Amino acid sequence: MPKDSGIGASSKRREDVRFLTGKGKYTADISVKDQTFAAFARSSVAHGRINSIDIAAAEAMPGVLAVLTGEDFAEVGGNPAGWLITSRDGEPMKEPKRSPLAIGKVRHVGDAYAAVIAETAAQARDAVEALDADIEELDAIVDMSEAIENSDNLVHDEIGTNLCYDWGWIEDNKAAVDAAFESAPHVTSLELVNNRLSPNAMEPRVSIGDYDASTGDYTLHTTSQNPHVTRLLIGAFVMGIPENKLTVIAPDVGGGFGSKIYHYGEEAVVLAASKKINRPVKWVCDRSEAFVTDAHGRDHVTKIELATDKEGNFLAVRTETQANMGAYLSNFATVTPTFLHGTLMAGPYKTPHVYVNVKAVFTNTVPVDAYRGAGRPEATYSLERVIDKCARELGIDQLEIRRKNFIQPDQFPYTTPVALVYDTGDYDATLDKVAEIGDLAGFAARREASEAKGKLRGLGISTWIEACGIAPSALVGQLGARVGLFDAATVRVNATGSLAVMTGAHSHGQGHETVFAQVVAEKLGIAEEQIEIVHGDTSKIPFGMGSYGSRSLAVCGSAIVRATEKIIAKATKIAAHMMEADAADVVFENGNFTVAGTDKSKSFGDVALCAYVPHNFPHEELEPGLEESAFYDPANFTYPAGAYACEVEVDPDTGEVDVVGFAAADDFGNVINPMVVNGQVHGGVGQGIGQALMECVVHDGNGQPLTGSYMDYAMPRANDVPSYVVDHSCQTPCTHNPLGVKGCGEAGAIGSPPAVVNAVIDALQSGGINVTHVDMPVSPSRVWNAIQAAK
Amino acid sequence: MYNFDFVKPSTVDEAVAALADEDAQALGGGQTLIPTLKQRLAMPSKLVSLKGIEGLDKIFVDRGGNLVIGAAATHAQVAATTDYPALASLAARIGDPAVRNRGTIGGSLANNDPSACYPAGALGSGATIVTNGRSIEADDFFEGLFETALEEGEIITEVRFPIPEKACYMKFIQPASRFPLTAVFVAKFADGVRVAVTGASNDGVFRWSDAEAALNTTFDAGSISELSVDADDMISDIHGSSEYRAHLVKVMTARAVKAAL
């Protein structure tokens, strides 16, 4: 019997009641008394010199209260990169200053160079059109190779190069890797593009800056996955506001996928403008703005080589990647292609030699940063595609080549040549499982049926691993992180036994309110309904690094467990006092404290009441009240892994690809809520199918975006994805966190793109069409072009 | 959007009068115009809604056997008809339910988007576009990208579709917009076959006369197997090259013929 509450139960998502009935409270729903509205003047050219901005006409427009330009921010700090990367030559990365509004130059279409504050949003927008900006268009830097070679035309003149860093991982491996390639019996090589994606959260970004002149307090309501990080960035780096004077509130957040991790200039502008005019300032991003201002994802160009023996045993992997940073360094831009990408290039395989080189490049395009998976999809795609190609070259079955190279269960903990220590896993188990649930044995018959309809059917396999539960602070500090990556929680037991749990993790759709309540309910033996989850407000929660990197449960969930354990420890002492027993003899089980060997019993509620009405209370030993906090810093990353099988039908006449089957067998360690995990996998796989077949941000040679709306940016819809078959019964619990959980939020987006593309290649090959690679998105026209080229 | 005046006349004559003002713009279902206004890409002084004119959305079969569709009939209304299944099927596949419940046949034809569905249906059927002042044959109505034979202030009132013996609309969608990347409307009448192509050409909807001639001889997909489509005037963009679109014209035509049988 499945459980109906607590850990392991598919408790219904309590937040969905308000989300699905239109009662969610998002930032745009907030109206602050006397609020005004901001609109931004954004560059229409990708690269230009700002000769002058005449604001007089705009200032004279009806309702206009203030006009701000980059000069208003000349004295404040820049929006920093969160991670310092050191190049192969030992030099630190190049880090140009990023002002909230552009100063001197505009560097991408959409780059904001002025803001107008007015009584209404329409007045602000009208006044933006009245601004007279003399912006001299410069040649745009779009192509990454040209950007590296061309030192005359620079995105940032002051750093003297378009190369942010040239990183090697691990530099000491390089000679051994090169030697392995020299002597390898077989080398498979593949050049591929990991396409640039627009995050497209359903809720566009919104920020309301509210300065109170009477107290000097700033409040920022904003769409954020991590309000404390935003407060830290604004307070300590950009605006110089002490943390006690800045509250950041992110209420319900309608999706983020990474794009709402970062601090954006608009947040600083509404705060500064609010102080300037002494009224609240609200900005609501529209979809067109979102396309050119939300940090994009991916955008790698990679050459990967795989050295093997004739039997397909992996000997070495070598990659060279150009990673597009866009025009500025967004907060996590520098770590995504390095420590979230290069460190994963071993995959779940025992490849002895691995070397990764990444060149990060500035271009006149929208900044790129972490997007669902962040570096790990890029690593997985490169690796799983080159393995697929290698297997074809050597005539080895796709499952077999993976099996013979898997790290074996008895090899854990396993140190990879790219410096991660996998704690546990069983990669054959998930591959066996996907073969079962995907009915791979029946594939041949399904292929025959497709062929009878004139379609080519392909099967694609991907066995993926990722490092998440980000991250051990001491380790990431050594690697260049400028923040710690612990998380925190406070468990507040109310006098009548109900609870509020304040969490540093902040849901932007994941279901924290349900799942965290399940964890606490299980530990305390009380009903989930008695537990309220509080998040998203720096004035209410202790601290937190937020939600990204599939970390909420593994890191913040662990903090919640630790805080709950402290509650139980204190409550046990109180109960012992109440029952006149030795605390060592008190047992806490199913929400009741009992004394072993007696019929004495106190419920959790009785003890809570005693803590707040402490008439009969061990005052000499304990303080009254029942509230505990815990900070949890993980000992290691967690390493979820899995095996995906995708089946496609390709229409050889049109190139159209139809995903007709998708099976996912994942090892997420222990699972708290199977239904929520299913939802996370469904969403992630949907995003991965979107990347594989449909989505791509395209800029023309002048840096003009050609995909600035849904008319040209192809988002997957329900009828573009199949009914998934999902399993997470293969569980090797994480060895170093108290719940044994690994994280599931990004898995689908990491593991699925190569499965889809491998399936397309398999389909084409089955029709005798010798196509070895098609770059994502594998659109009908690209497939058709590949078929024509193969003829 | 910018400010504009809004009127909703109750007769065609009042609408025509309202449109006489400088920069006045007719508003059908607004499925193209409203997004354009929201992006501040148009600045009409006045919007003249055609949704308040009684009877302008009527749909009936006239004594000549033509399906007559009022200009203000929505795609959803046309999709619900049974007299001309291929045309109903075309309407049922435009956009999504929200678009189909707002968008009108008159608005679509007057806009003449090179990737819209209705121009292929009208041209492929040899329909007659009736305005407040005259009747225009479909062959004379479409004059290139977003260009039609309509005069300034002229309003489409209804569209008369002869009902063919067999017909089919075969659409290959552009993956983002879901408009046709290339779509073909094939209709077989007693006096000949018409093949209209949308989404493909730089000049908007057009008739593929070679295919019509071949299909007039034998109405069979095999009849066009030796034909090819000139890619020179085809649209080329991030969703497909001109060669790809030219290829799709042939594939979609063959499939339409096959499905119409």
Side-chain angles (χ1 to χ4, degrees), chain A residues 39 62 120-123 125-126 128-129 195-196 198 200 286-289 291 454 651-658 689-690 692-700 704-720 777-789 791, chain B residues 1-4 31-32 35-41 43 93 95-99 113-116 170-184 199-200 221 224-225 228 231 234-256 258:
Chain A
T120 72
Q123 287 172 335
R125 208 167 160 179
D126 287 343
V128 163
E129 292 182 7
N195 39 327
R196 178 185 283 234
S198 173
N200 290 304
D286 67 27
R287 186 60 68 183
S288 302
E289 274 183 301
F291 269 107
D651 182 337
D653 292 333
T654 64
E656 188 175 24
V657 176
D658 190 9
I689 291 173
L693 298 181
M694 304 177 72
E695 297 183 48
C696 193
V697 172
V698 183
H699 293 89
D700 72 10
Q704 289 291 331
L706 300 180
T707 47
S709 80
Y710 294 126
M711 291 297 282
D712 289 298
Y713 188 88
M715 287 291 285
R717 300 186 189 184
N719 64 353
D720 293 311
V778 182
S779 62
S781 72
R782 284 185 173 183
V783 173
W784 184 77
N785 287 343
I787 293 171
Q788 303 314 304
K791 275 181 181 170
Chain B
M1 55 180 70
Y2 299 106
N3 284 337
F4 52 81
Q31 295 307 292
T32 299
T36 306
L37 295 178
K38 281 182 170 178
Q39 292 186 71
R40 295 190 159 203
L41 296 174
M43 197 161 52
R93 288 179 282 154
D96 55 25
V99 169
D113 186 306
S115 298
M170 198 58 73
K171 174 159 78 168
F172 193 84
I173 61 166
Q174 191 258 56
S177 67
R178 324 279 162 144
F179 275 63
L181 186 72
T182 291
V184 176
I224 63 163
S225 61
S228 63
M234 296 290 159
I235 297 168
S236 184
D237 61 18
I238 60 170
H239 304 291
S241 63
S242 50
E243 290 77 14
Y244 181 55
R245 281 183 166 86
H247 168 77
L248 284 178
V249 170
K250 185 171 166 180
V251 174
M252 291 296 116
T253 302
R255 289 184 180 182
K258 204 171 168 189

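We use all heavy atoms of the structure for the numbers below, so side chains are in, but hydrogens, waters and symmetry mates are not. Letters A, B, ... mirror the listed sequences (proteins, then strands); counts begin at 1. Computed from a prediction, not measured in an experiment: that's the story for all the values here.
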With a 4.5 angstrom heavy-atom cut-off, is it the side chain or the backbone of [X] that approaches chain B, or both, or neither?
{"X": "A:Arg125", "result": "both"}
{"X": "A:Pro780", "result": "both"}
{"X": "A:Ser779", "result": "neither"}
{"X": "A:Thr707", "result": "side chain"}

Note to self: Let's test your reading of the structure: which of B:Gln174, B:Met252, B:His239 forms the most heavy-atom pairs below 4.5 Å with chain A?
What the structure shows: B:His239
Margin query: Counting only heavy atoms from other residues, nucleotides and ligands, does the tally under 6.0 Å from CG of B:Asn3 exceed 12?
Written below: no
Next item on the list: Could you give me the CA-CA distance, side-chain angles and deciding distance for B:Lys250 and B:Val184, then say whether side-chain contact (heavy atoms from CB on, under 4.5 Å) is met?
Entry: CA-CA 9 Å; B:Lys250 185 171 166 180; B:Val184 176; over 6 Å; no
Item checked: NZ/NE/NH1/NH2 to OD/OE distance under 4.0 Å, A:Asp286 and B:Lys38 -> no
Checklist line | NZ/NE/NH1/NH2 to OD/OE distance under 4.0 Å, B:Arg255 and A:Asp651 | finding: yes
Check: Which one of A:Met711, A:Met694, A:Gln788, A:Glu656 has the most heavy-atom pairs closer than 4.5 Å to chain B?
Finding: A:Met711
Item checked: Short side-chain donor-acceptor distance under 3.5 Å, B:His247 and A:Asp653 -> no
Next item on the list: Can you tell which part of B:Phe172 gets under 4.5 Å to a heavy atom of chain A, answering side chain, backbone, both or neither?
Entry: side chain
Next item on the list: Mind checking side chain to side chain donor-acceptor pair (under 3.5 Å) for A:Glu129 and listing every partner two or more places apart, or none if nothing turns up?
Entry: B:Tyr2, B:Arg40
